[in-house]
**Student:** 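Structure provided below as structure tokens; questions to follow.
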Amino acid sequence: MVVNKTLDVRWIKRYRLFCLGGSVILIIQVFLAYIFLAFDSSYEKPTQEYLSGKGRLNVEVLEDHNSVESSRKFRDHYLGQDDDDEEGLGNSNAIYPKVKLPPDKLESIHKFKQVPSKSNNKIIEGNKTVLRVEELDFIPLCEIKSKEAISAIHRARTQHCKQTIANISCLISSSNLYPDKLPHTCPSLGLETGKAMGCYQDDKALRLLTGFYQNLKTTNSPHTCLDICTKGGFPYAGVQYGTECFCGVSEPPSSARLPDSSCNMKCPLDPKQPCGGFYTVNIYQTGIAKLSKETAELVSSSPSDVPRARVLYLLTLNGRSIRQVKRLIKVLYNVSNYFYIHVDARQDYLMRQLVEVEKKLKNVRLSRNRNASIWGGASLLTVLLRAMIELIPDKTWKWDYVINLSESDFPVKTNDELVDFLTVHRKRNFVKSHGREVQRFIQKQGLDKTFVECDAHMWRIGDRNLPSGIVIDGGSDWFALSRPFVEYLVTYEKDPLLQGLVTFFKYTLLPAESFFHTALRNSPFCRTYVDNNLHVTNWRRHLGCKCQYKHIVDWCGCSPNNFRLEDWGRLQSTKLKPVFFARKFEPAVDQSIINQVEAWLYGPFPSNVTAMESYWHSTYSSLDLEPRPDDALISTALSLTRATSRRKLNCSFSSTNKILEITSYYRYDAYVGSLILYNITAKDNLDSIVLETWVRPVGHYTVLETMTSLSALKRIEVSSDYDQKESVARNWLRTLGPFSEPVAIYYLEQPISGYNLTLLWIDPIGALADVSYLSISGDSLTGFVKSSLKAPLFPGIWTLRIIHGGKAHSETSFLVTPLELLNGSPLTQREAGFMHRGPSERYPKRAEDWGIRGGGNALERRALSNARRTGKDLQQWIDSLSSRFYEIVESCVVKKRKWCDLPVCENTNWSSLSPDPKSELTTVDDVSGRMKRW
């Protein structure tokens, strides 16, 4: 018995020690979890649905926005799609819409260590970014603390731009730039701003306010919630359960009214005010009346006793597609309509061509006050407002509507149908709203950010608050505005609302997509709002939203795609809808769809009309001051004209004087070559003449080892300026110079997936310059991979070798052209030594890993010798290279000469001077007032 008692005591002591140790370990683990795990305070106070057991926690709303994983999900959602809904649909009526954050909201998750950053010329101390004032030639007016502003200042190229950014930053920090509040002058229909309606009983299954919901854990108050609901255009705002804000459009029923004491929870931002209670809500009027957007149905005709509406087309043009611009004017032309045209300040060629159009047509006028606009730039709004200011005082042009278009637009209904429609719906204003929840639109558009335009870039410099008291709206920047509303807009210097909006949108990304909508919603013209901009747009999100504008804006942007022939059914479906224009169209990508639309509207062209399947697009003109010429293109063109002189032509000349123009030539929606127009001198030097020569690039793709698995790979070629959205390389002639950025483009016979290729970039001396990796997947028949080659590139013949499964499958060669000219002047020996010597640093890749040994010292000595060539010696080198990569198809003479027996260009079917009836401005029919098609 004694032994048993001793054993029992011993085991009891051990059990006590075990429990004590376990308790200590558990306490330590809980303490460490408390110290190291960051719990979002949103979880500290669950929503009333969770506490009542009537619903589940809204994870989307209460999600930990500071966690890396949730941030990644937000970023993927934001960058992965653009929810512009061209049918005007959205989820604004959802009780709990998802709250998403744009990429810039996620920057707070990063913690920087104390290290100098050389890449962006700023010093980072802990989490503080410091401006390097020693790099500036001015003294900032204040201490700039915003890291976005500091980054923008150091990335800007010119001191003028740096100072502009600094000055705007100081104005913002001193609260001297933006208005805090703006007047809402749309009739309120008896609603009073901020009027308390009382406390009401709410129910989860049947909410009183169903327009919008947000949980404001630290900032909720009646004032905060009223501001949110006002910006969303809701007549009613309600605060509930302390932290919750609801917005709605319907007045709460009197049967749900409770004593004020039932709303007894304090507001986080202002504890002196009640913020509802457990399923009780304090409701307020915002002073914003419910907007019933007008509808405008298609009409068959307009009343005969009403004057027909006159349209002013405001064209904002860029690029060099003069033939498509003329074609657009031609199909829209009527003696009762007008065309006011703004050409980008950098587009000399387009401006020169349209000056001739202005001389020919009395109701076409060109703006001489031109801006150089960029995608998303504030300058576009300046262009539009300035045009309206110039047009209103003009008494000679009596118009009723202004419709803005670009060179990428084309009508899908006749001009008569448009005029009938506008005549019936006179004085209404047609804009397209975003169709989504307003707070999400604000974040996605970056309206809560300040952007400054300078150095042809939109610089993001920090956060900002939107003015209170007004509805925020936006969507598409294409519109049809009535003359009364335009007359109101041009008084912005005297109107407090417009004056504040102009200031606010001057520093906004894509301002034309929101300014006119917001002005309309908050003005006395709010009841003329029609949610339809008369356009259908070809959105393909997976192709158009690739952040393709990051080089000119500090934001991600989406852009629509061009219509192609396979989209014909979609255009046909607009026949019974109030849609009059479609975009985008580009004849260099697909002209067949434009031909089909025009034939649909006005009937087919006669069978004897030539050039229906041909398109010519200007690439270069010697008269241009802007944009600057591509030296590689001109050097190649000069070489090809010399090659023409060496052919057995019935034309005796000694030399090329000057390249006049270069034109890209397309047939049946495919690029078939470039046309070089140039001066030549006769051998006796007594006469000169203008020739045009058709040239095209020659492919050099070769399959080295046949593989069944890669039989679908048609070819790989090298070019530059690849347009990922349209899957084409804009450098059609494939002219590359020492400072080009080559890309490898693959073409497939049929879609294949799961193939990984290695691309070896081998320079002219046989050295491995770069290695790229290409993964082929999806259903696309074309794709690309960009090289990371260092400039300047070695001039000469390069090789791109394709490796699959450790073996060389195929290869192609491409030419990096030596430059004969630099900025239009012959290269000096010093310039040639710099431009043609290759990169200053050796290639870091291990060539021996791929079995590439290089060409040896002989090729290196030859490359160094070539780099010193100038004059005739340089020309001979260029000619020997270009002859292998380009072929001469045909030549013609502009004006007949006895000593040059070539066909006259005008009589050919390929020359840029041959007839093109679809783009020629003809005479006007006296009866219809329209321009004759042929």
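Worth knowing before you read on, the calculation uses all heavy atoms, side chains too, and leaves out hydrogens, waters and symmetry mates.
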**Student:** Ignoring hydrogens and angles, state whether a donor on the side chain of Gln347 or Asn318 is under 3.5 Å from an acceptor on the partner side chain.
**Tutor:** yes

**Student:** Is the number of heavy atoms from other residues, nucleotides or ligands within 6.0 Å of CG (Asn465) greater than 12?
**Tutor:** no

**Student:** For a 4.5 angstrom cut-off between non-hydrogen side-chain atoms, does Pro179 reach Leu501?
**Tutor:**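 SC-SC contact between Pro179 and Leu501 ruled out.
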
**Student:** Supply the atom-to-atom distance Phe516 CZ to Leu489 CG, rounded to the nearest 0.5 angstrom.
**Tutor:**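 One finds 6.5 Å between CZ of Phe516 and CG of Leu489.
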
**Student:** Taking Thr286 for the side chain and Phe234 for the main chain, is one N or O donor matched with an acceptor at less than 3.5 Å?
**Tutor:** yes

**Student:** When rounded to the nearest 0.5 angstrom, what distance separates CG in Asp344 from OG1 in Thr316?
**Tutor:** 10.0 Å

**Student:** If we check side-chain hydrogen bond (donor to acceptor under 3.5 Å, both in side chains) with Arg308, which of these qualifies: Asp400, Thr423, Asp420?
**Tutor:** Asp420

**Student:** Could you go step by step and tell me if Leu405 and Leu332 meet the side chain to side chain contact (heavy atoms under 4.5 Å, CB included) rule?
**Tutor:** CA-CA 11 Å; Leu405 301 173; Leu332 293 176; 3.7 Å; yes

**Student:** Taking Asn429 for the side chain and Ser482 for the main chain, is one N or O donor matched with an acceptor at less than 3.5 Å?
**Tutor:** yes

**Student:** Quick one: which residue pairs count as a disulfide bond (SG atoms under 2.5 Å apart) with a foot in residues 366-454, not counting sequence neighbours?
**Tutor:** Cys161-Cys454

**Student:** Report yes if some heavy atom in the side chain of Ile594 is under 4.5 Å from a heavy atom in the side chain of Gln324; otherwise report no.
**Tutor:**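 Ile594 reaches Gln324 side chain to side chain.
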
**Student:** Just do the side chain to side chain donor-acceptor pair (under 3.5 Å) check on Asp394 and Thr396 with the steps written out, would you?
**Tutor:** CA-CA 6 Å; Asp394 189 343; Thr396 60; 2.5 Å; yes

**Student:** Where is the tightest heavy-atom contact between Asn532 and Pro578, given as atom of each residue plus distance?
**Tutor:**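 In this case the closest contact between Asn532 and Pro578 is ND2-O, 2.9 Å.
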
**Student:** Is Thr414 reaching over with its side chain to a backbone N or O of Glu417, donor-acceptor style, under 3.5 angstrom?
**Tutor:**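 At least one qualifying donor-acceptor pair exists.
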
**Student:** Can you name the nearest heavy-atom pair linking Leu317 to Val325, along with the distance?
**Tutor:**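 It is CD1-CG1, 3.7 Å.
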
**Student:** In Å, rounded to the nearest 0.5 Å, how long is the span from CD of Gln572 to CG of Asp567?
**Tutor:** 12.0 Å

**Student:** Test side chain to side chain contact (heavy atoms under 4.5 Å, CB included) on Tyr401 and Leu534 and set out the steps.
**Tutor:** CA-CA 13 Å; Tyr401 273 92; Leu534 312 185; over 6 Å; no

**Student:** Under a 3.5 Å distance rule, please check whether Thr185 uses its side chain to pair with a backbone N or O of Asn522 as donor and acceptor.
**Tutor:** yes

**Student:** With under 30° as parallel and over 60° as perpendicular, where do the rings of Phe410 and Phe585 fit, or are they tilted in between?
**Tutor:**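 Geometry flag for Phe585 against Phe410: perpendicular rings.
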
**Student:** Between Cys245 and Cys225, does a disulfide (SG to SG under 2.5 Å) hold up when you go through it step by step?
**Tutor:** CA-CA 6 Å; Cys245 170; Cys225 190; 2.0 Å; yes

**Student:** What's the spacing between Thr450 OG1 and Met458 CE if we round to 0.5 Å?
**Tutor:** 10.0 Å

**Student:** Would Ser406 and Asp409 count as having a side-chain donor-acceptor pair, cut-off 3.5 Å?
**Tutor:**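 Result is yes, a qualifying pair exists.
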
**Student:** Given side chain to side chain donor-acceptor pair (under 3.5 Å), test Glu513 with Gln445 step by step and report yes or no.
**Tutor:** CA-CA 9 Å; Glu513 292 189 1; Gln445 287 286 109; 3.2 Å; yes

**Student:** Return yes if some donor-acceptor pair links the side-chain N/O of Asn337 with the main-chain N/O of Val311 below 3.5 Å, else return no.
**Tutor:**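 Indeed, once roles are kept as given, a pair shorter than 3.5 Å links the two residues.
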
**Student:** So, do His457 and Asp554 sit near enough that their side-chain heavy atoms are less than 4.5 Å apart?
**Tutor:**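 SC-SC contact between His457 and Asp554 confirmed.
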
**Student:** Using modelled atom types and a 3.5 Å cut-off, is there a donor and acceptor pairing between side-chain atoms of Asn220 and backbone atoms of Glu244?
**Tutor:** yes

**Student:** In terms of relative ring orientation, are Phe421 and Phe580 parallel, tilted or perpendicular, with 30° and 60° separating the classes?
**Tutor:** tilted

**Student:** Taking Ser174 for its side chain and Leu171 for its backbone only, find out whether a donor-acceptor pair lies under 3.5 Å.
**Tutor:** yes

**Student:** Just how far is it from atom CG of Leu315 to atom CZ of Arg365, taken to the nearest 0.5 Å?
**Tutor:** 13.5 Å

**Student:** Output the distance between atom OG (Ser928) and atom CG (Asn334), rounded to the nearest 0.5 Å.
**Tutor:**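 Ser928 atom OG to Asn334 atom CG measures 7.0 Å (nearest 0.5 Å).
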
**Student:** State whether a side-chain donor-acceptor pair under 3.5 Å links Ser379 with Glu453.
**Tutor:** yes

**Student:** May I ask you to test the Asn371-His342 pair for a side-chain heavy-atom distance under 4.5 Å?
**Tutor:** yes

**Student:** Looking only at heavy atoms, what is the nearest atom pair of Gly194 and Tyr284, with distance?
**Tutor:**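 For Gly194 and Tyr284, the tightest heavy-atom pair comes out as O-CD2, 3.8 Å.
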
**Student:** Would you say Tyr488 and Leu481 make side-chain contact, with heavy atoms under 4.5 Å?
**Tutor:** no

**Student:** Are Asp473 and Ser433 linked by a side-chain donor-acceptor pair shorter than 3.5 Å?
**Tutor:**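 Checked: Asp473/Ser433 side chains pair up, N/O donor to acceptor below 3.5 Å.
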
**Student:** Any donor and acceptor pair, going by atom type alone, linking the side chain of Ser476 with main-chain N or O of Trp478 inside 3.5 Å?
**Tutor:**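 Such a contact is found between Ser476 side chain and Trp478 backbone.
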
**Student:** Kindly give the heavy-atom pair with the smallest separation between Pro235 and Gly248, and that separation in Å.
**Tutor:**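 So the two residues come closest at CD-O, 3.2 Å.
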
**Student:** Taking 4.0 angstrom as the limit, do Arg483 and Glu487 come out as a salt bridge?
**Tutor:**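 Result for this pair is yes, salt bridge flagged.
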
**Student:** Please name the pair of heavy atoms, one in Lys449 and one in Phe451, separated by the smallest distance, quoted to 0.1 Å.
**Tutor:**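 Looking at all heavy atoms of both residues, the shortest contact is CB-CE1, 3.5 Å.
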
**Student:** So, do Pro411 and Leu328 sit near enough that their side-chain heavy atoms are less than 4.5 Å apart?
**Tutor:**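 Counting from C-beta outward, Pro411 and Leu328 do come under 4.5 Å.
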
**Student:** Please test Phe504 against Thr518 for side chain to side chain contact (heavy atoms under 4.5 Å, CB included), starting from the C-alpha separation and ending with a verdict.
**Tutor:** CA-CA 11 Å; Phe504 181 81; Thr518 304; over 6 Å; no

**Student:** State, to 0.1 Å, how close Phe581 and Val412 come at their nearest heavy-atom pair, and which atoms those are.
**Tutor:** N-CG2, 3.7 Å

**Student:** Are Asn538 and Lys584 packed together at the side-chain level, in the sense that at least one heavy-atom pair is separated by less than 4.5 angstrom?
**Tutor:**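 Result no, sub-4.5 Å side-chain heavy-atom pair not found.
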
**Student:** Take Asp448 and Gln443 through the side chain to side chain contact (heavy atoms under 4.5 Å, CB included) test and state the conclusion after the steps.
**Tutor:** CA-CA 6 Å; Asp448 54 351; Gln443 292 178 339; 4.1 Å; yes

**Student:** Hey, are the side chains of Ile172 and Ile461 touching, using non-hydrogen atoms and a 4.5 Å cut-off?
**Tutor:** yes

**Student:** Ignoring hydrogens and angles, tell me if any N or O in the side chain of Lys413 forms a donor-acceptor pair with the backbone of Lys577 under 3.5 Å.
**Tutor:**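 Indeed, once roles are kept as given, a pair shorter than 3.5 Å links the two residues.
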
**Student:** So Thr508 and Arg464, side chain to side chain donor-acceptor pair (under 3.5 Å) or not? Walk me through it.
**Tutor:** CA-CA 11 Å; Thr508 300; Arg464 66 178 179 181; 2.6 Å; yes

**Student:** Tell me if the centroids of the rings in Tyr338 and Trp397 come within less than 6.0 Å of each other.
**Tutor:** yes

**Student:** Check the orientation of Phe339 and Tyr333. Use parallel for under 30°, tilted for 30 to 60°, and perpendicular for over 60°.
**Tutor:**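 Judged by the thresholds at 30° and 60°, the geometry between Phe339 and Tyr333 is parallel.
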
**Student:** Is the side chain of His535 donor-acceptor paired with the backbone N or O of Asn533 at a distance under 3.5 Å, no angle test?
**Tutor:**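 Side chain of His535 to backbone of Asn533: a pair is present.
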
